Trainee: 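Here it is, the structure, as structure tokens.
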Amino acid sequence: MRNILLLVLSVLVISGCTKHREEVGAVLNVAEVAKIKGMDPALAEDQYSATEVSRVYEGLLQYHMYKRPYTVEPLLAEEMPQISKNGLEFKFKIRKGVMFQDDAAFPNGKGRELKAKDFIYSFKRLADPKVQSTGWWLLEGRIVGLDDWRAAATKSGKADYEAKVAGLEASDDYSLTIKLTKPVPQFLYALTMPYTAAVAQEVVEKYGSDFLNHPVGTGPFVMAVYKPTEVMEYVKNPNYWPATFPTEGAPGDKEAGLLDDAGKRLPLVDRVVVRVLVEDQPRWLHFMQGDIDAVGIPKDNYAQAIGPDGNLTAELKEKKVSLSKDVAMDLTYTAFNMESEEIPQFKNKLVRQALSLAMDERESIHTFYNDMATLSQTPIPPGIPGYDPDFKNIYRTNDIALAKKLLAQAGFADGKGFPTVVYDTLADTTSRQMAEYVTKNLQKIGVQTKVNTNTWPALLEKINHRQVQLWGIAWAADYPDAENFLQLFYGPNAQPGGMNGSYYKNKEFDKLFEKARAMQESPERTKLYRQLAQMVANDCPVVLGVNRIAVSLHQPWIKNWKYMEFMTNAAKYFRVDTDLKKQLRK
Amino acid sequence: MMNYIIRRLLYTIPILIGITLITFFFFNVVGGDPVSIMLGKHANAQMIADMRHEMGFDRPLIWQYFDFLKQIVTFDFGRSYASKQLISKMILDGAPVSLCYTLPAFVIAMLISISLSLLVAFWRGGWFDKITVIICVAGLSVPSLAYILFGQYWFAYKWGMFPISGFQPGFPEMISYIALPVIITVVLSIGGELRFYRTVMLDEIHQDYIRTARSKGLSERVVMFKHVLKNAMIPIITNVVIEIPFLVTGSILLENFFGIPGLGNQIVEAINTSDFPVIKAQTIIFSLLYCVFNLLTDILYSLVDPRVSLK
């Protein structure tokens, strides 16, 4: 018996011994930190699914990979659209000769040419209630006739894709006109998102509800292996249209060698291998072993990667790994429920200002973000027009004396008579530690809190049903427009499921917001955005938190790498120095 | 015996109905509304209402319950809210993957712990027994996550004996991927199993018939294997058979850390995203398996112990 056991264990151990598999061609190895929710552009809600969808599918527009501030440029559109003077009509010319990838859904399995009607179909799909797209908000109330088309589909139980929508018109195979119900300058950003990518009707109809497992787009890569909970492999699309590497970038990009491949045909790698690595340790170890080419630094491995001087540790320097630090366009905040029945005191601005003053975000930046975050002065993060680097928010100064004074003015000197506040948070360790930190800060002015932990769905439901009093949350930009952050405080968004979870209602804010969001980018609009941001800073419907700094590492053999907030189809620009990789991995 | 089996199978029907009622109550009545999660951060009241209508959440609860029963009978649990994949396919794909490492680990752990339990029972009170018990208690005191983190870091990353994570279906490709999870599962199981079997063996060893067997001059080998082991089979069978349904569901931690696409991996994802259809389907299937294996335990009792008759 013992011999048999020894034999079994020996076989397990010996067969387990591993060596690096030899890679053929230039392979980009990346990791996703969450499981992919299918390859249907209409369902690409989370960043990870959107990134995977964008390898195969393309839309009319995209962000320029290297220019900053973020600039929109044509992708499947031949050029930027002609926009009517009133901002209501967008005329697109579709690029000719763009082919869908080969698939059994097409005659003889050969992909057909992309036409303007494909975009009309794809936009209708976003509106189709049966598709249950999470991207409908991008088009809702914006395209003439599309809401009515959706309403008819809801009523009849079946969408009629043959029915005309007045706001979507294809005068020929390469001309697309989109008519808006009102001027929406942010509409161009909507057309960069994977949601609005072109899908072929015949592919959708062939695969039905299994369409999400059969990606067929016009993009640079073709799906070769698809295991959404495990691994995905893409190969270079042999019929990809002649897209080329950009010749321009931001100042300093050329000198940094980021434009060395200018003019070359895209994509620059032969294959992309994506591993789904949810847990931090295996993801980090795979990076350290050189199996994956880029990684965000897990909290527990931070000290291993970054030294006390903020630079890479000797171990990583020896591996010639590169470090990238970029301010992310996001905002963390602690929200007050201003319609809370248990804490009606949150209606009082003085109370909110006092609580905001009590929170010491500087210490939290050190403790929870390893100093990789900056204090938010307004809801608009850096890098977006409307951000004001000179504005200092007096309610973010952690002035405890002033906080106590304001609380006393509100009738709660030293917190006496102030009800115990329930602080809702998530159940993970960091969230619980942050909640304890909030408790400690508020105790300084005599306000007592009780921490309540939740799963993410439970917390979201509580917020939607106004069952929260005080809670921590974050917002990541959908597009580089301050409107995306200021909408969190827009009165009509204060509804169950709406983005204004604080139920902040300020008529003056709403009026100015409506005016600003309909304006094209201009100094006047920036001025209005700053005015709105300062109103939020002064009224404190939330305690503003931080803007996080995205810290990531990438291997020395990866070339043309640049941090991008919105770009989901960046893989086509990356080059792998295969000789260097072989040499370093020996 | 046939009558007994049929009767026991019929008994499982009210049990299952009870389980469906509890499951339905928890997820459909008090479990909250998953629509906000499904729609993401840009949901508004109208979109939530539209989605609720599309999903049939605005239908009377009784009809929703009948739909749930129909799903169980047809084994068509619809699609996952989160991944939109067919749940029956997810389960059929995930269960064999979990079994790939849980089954060999289970067999190895069982053989090692039963064999060792015979030895420690034989040398009860001696240094081998004491050391084994100390090791078992020490092993049980360390959390499973520590074994996983340690094993993955040292055996896979530092010493390169195994891949860090991943899974490859097919034999022998899968061996290198499941080897470390199997070893960790065996190590995790042995402490508890061995202590349990040791107690069982010691109970038998002190029985009168063992004393009689020894006084008849039987060898220790015959005493241990023919008498002690055979008479200890009832608790062993109970322990072994009841563990089998857990093999199908896999280990949440191991699968997540080693990237094994089994059912454990699916469960954690489903809980994190309030993917109720997946959780409901897995709960029902697990309950079914539990009932079936319970019945199997009773049948096996009658095979190993002639005193037990099934009426």
Side-chain angles (χ1 to χ4, degrees), chain A residues 1-2 4-5 8-9 11-13 15-19 35-38 40 43 45-46 129-130 132 134-138 140 150 154 209-210 212-213 227-231 275-279 281-282 285-286 288-289 291 455-458 460-461 463-464 475 478 493 495-499, chain B residues 32-48 50-51 53-55 79 82-86 104 108 111-112 115 148-149 152-153 155-157 160-167 172 175-180 182-183 256-261 265-266 269 271-274:
Chain A
M1 176 69 78
R2 213 167 69 173
I4 294 171
L5 288 174
V8 171
L9 281 172
V11 168
L12 285 175
V13 173
S15 61
C17 293
T18 54
K19 56 181 181 184
K35 285 158 195 158
I36 304 308
K37 295 174 181 171
D40 182 346
L43 304 173
E45 202 256 335
D46 59 292
K130 285 264 181 275
Q132 298 174 358
T134 44
W136 167 235
W137 64 275
L138 281 172
E140 188 184 22
R150 177 178 164 97
T154 305
S209 48
D210 216 30
L212 78 167
N213 295 326
K227 298 176 187 171
T229 57
E230 207 184 328
V231 68
R275 292 165 205 241
V276 180
L277 298 168
V278 179
E279 295 294 338
Q281 170 161 300
L285 296 181
H286 274 298
M288 293 296 281
Q289 198 164 267
D291 298 335
T455 60
W456 171 236
L460 205 57
E461 193 175 350
I463 297 168
N464 287 344
W475 183 267
D478 295 293
N493 284 344
Q495 53 171 307
M499 286 158 278
Chain B
D33 188 350
V35 168
S36 304
I37 288 290
M38 292 162 75
L39 280 173
K41 64 180 189 175
H42 290 279
N44 59 33
Q46 185 57 49
M47 286 159 74
I48 289 174
D50 287 351
M51 178 76 97
H53 178 70
E54 271 308 315
M55 304 293 295
R79 285 184 182 262
S83 68
K84 308 281 181 198
Q85 301 291 341
L86 277 173
I108 295 169
L111 292 176
I112 292 176
S115 314
I148 295 170
L149 292 174
Q152 193 170 49
Y153 184 80
F155 292 106
Y157 173 64
M161 294 166 72
F162 308 99
I164 291 169
S165 72
F167 184 75
I175 293 179
S176 66
Y177 291 96
I178 63 163
L180 188 53
V182 165
I183 292 170
N256 238 14
F257 270 83
F258 288 100
I260 298 169
N265 209 324
Q266 290 175 14
E269 185 73 4
I271 292 168
N272 285 341
T273 53
S274 281

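None of the values given here were measured: they were computed from a predicted structure. So that the names make sense, note that chain A is the first sequence line, chain B the second, and so on, each numbered from 1.
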Trainee: Go through the structure and list residues passing side chain to side chain contact (heavy atoms under 4.5 Å, CB included) with A:Val276, not counting sequence neighbours.
Mentor: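 Counting only residues at least two positions away or on another chain, A:Val276 forms a side chain to side chain contact (heavy atoms under 4.5 Å, CB included) with A:Lys35, A:Met232, A:Val278.
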
Trainee: Once you round to the nearest 0.5 Å, how far does CD1 of B:Ile260 lie from OG1 of A:Thr229?
Mentor: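 The distance works out to 11.5 Å.
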
Trainee: Mind checking the NE2-OH spacing from A:His286 to B:Tyr157? Nearest 0.5 Å is all I need.
Mentor: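 Reported value, rounded in 0.5 Å steps: 12.0 Å.
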
Trainee: Would you name the heavy atoms of B:Gly259 and A:Glu230 that are closest together and state the gap between them?
Mentor: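 The answer is O-CG, 4.1 Å.
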
Trainee: Just by modelled atom types, is the B:Phe257 backbone N or O under 3.5 Å from a matching donor or acceptor in the A:Gln281 side chain?
Mentor: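 Not at all, since once roles are kept as given, no pair shorter than 3.5 Å links the two residues.
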
Trainee: For B:Ser83, what residues pass the side chain to side chain contact (heavy atoms under 4.5 Å, CB included) criterion, not counting sequence neighbours?
Mentor: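 So B:Ser83 forms a side chain to side chain contact (heavy atoms under 4.5 Å, CB included) with B:Ser80, B:Gln85, B:Met90.
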
Trainee: If we define contacts as heavy-atom pairs under 4.5 Å, which of A:Leu285, A:Asp46, A:Asp40, A:Leu277 has the most with chain B?
Mentor: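 With the most close heavy-atom pairs to chain B, the winner is A:Leu285.
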
Trainee: Can you tell me which portion of B:Phe258 sits under 4.5 Å from chain A's heavy atoms? Options are side chain, backbone, both or neither.
Mentor: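 It is neither, since no heavy atom gets under 4.5 Å.
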
Trainee: Does B:Asp50 come within less than 4.0 Å of A:Arg150, counting only side-chain N to carboxylate O?
Mentor: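 Result for this pair is yes, salt bridge flagged.
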
Trainee: Find the distance between CZ (B:Arg79) and CG (A:Asp210) and round it off to the nearest 0.5 Å.
Mentor: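 CG of A:Asp210 is found 5.0 Å from CZ of B:Arg79.
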
Trainee: So which part of B:Phe167 gets closer than 4.5 Å to some heavy atom of chain A, the side chain, the backbone, both or neither?
Mentor: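 Looking at B:Phe167, backbone and side chain both touch chain A.
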
Trainee: Let me confirm one number: the OG-CZ distance from B:Ser165 to A:Arg275, rounded to the nearest 0.5 Å.
Mentor: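 CZ of A:Arg275 is found 7.0 Å from OG of B:Ser165.
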
Trainee: Given that the side chain runs from C-beta out, which part of A:Leu138 has a heavy atom under 4.5 Å from chain B: side chain, backbone, both or neither?
Mentor: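 Contact with chain B is absent: no heavy atom of A:Leu138 under 4.5 Å.
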
Trainee: Could you tell me which portion of B:Leu149 (side chain, backbone, both or neither) has an atom closer than 4.5 angstrom to a non-hydrogen atom of chain A?
Mentor: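 Both backbone and side chain.
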
Trainee: Counting C-beta onward and ignoring hydrogens, is there a side-chain heavy-atom pair between A:Gln132 and B:Met51 closer than 4.5 Å?
Mentor: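 Yes, close enough: below the 4.5 Å cut-off.
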
Trainee: Using every non-hydrogen atom in the two residues, find where B:Glu54 and A:Pro129 come nearest and quote the distance to one decimal.
Mentor: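 Scanning both residues, the minimum pair turns out to be CG-O, 3.3 Å.
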
Trainee: Which bit of A:Lys130 comes within less than 4.5 Å of chain B, counting heavy atoms only: side chain, backbone, both or neither?
Mentor: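 Answer is both: backbone and side chain atoms of A:Lys130 are under 4.5 Å from chain B.
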
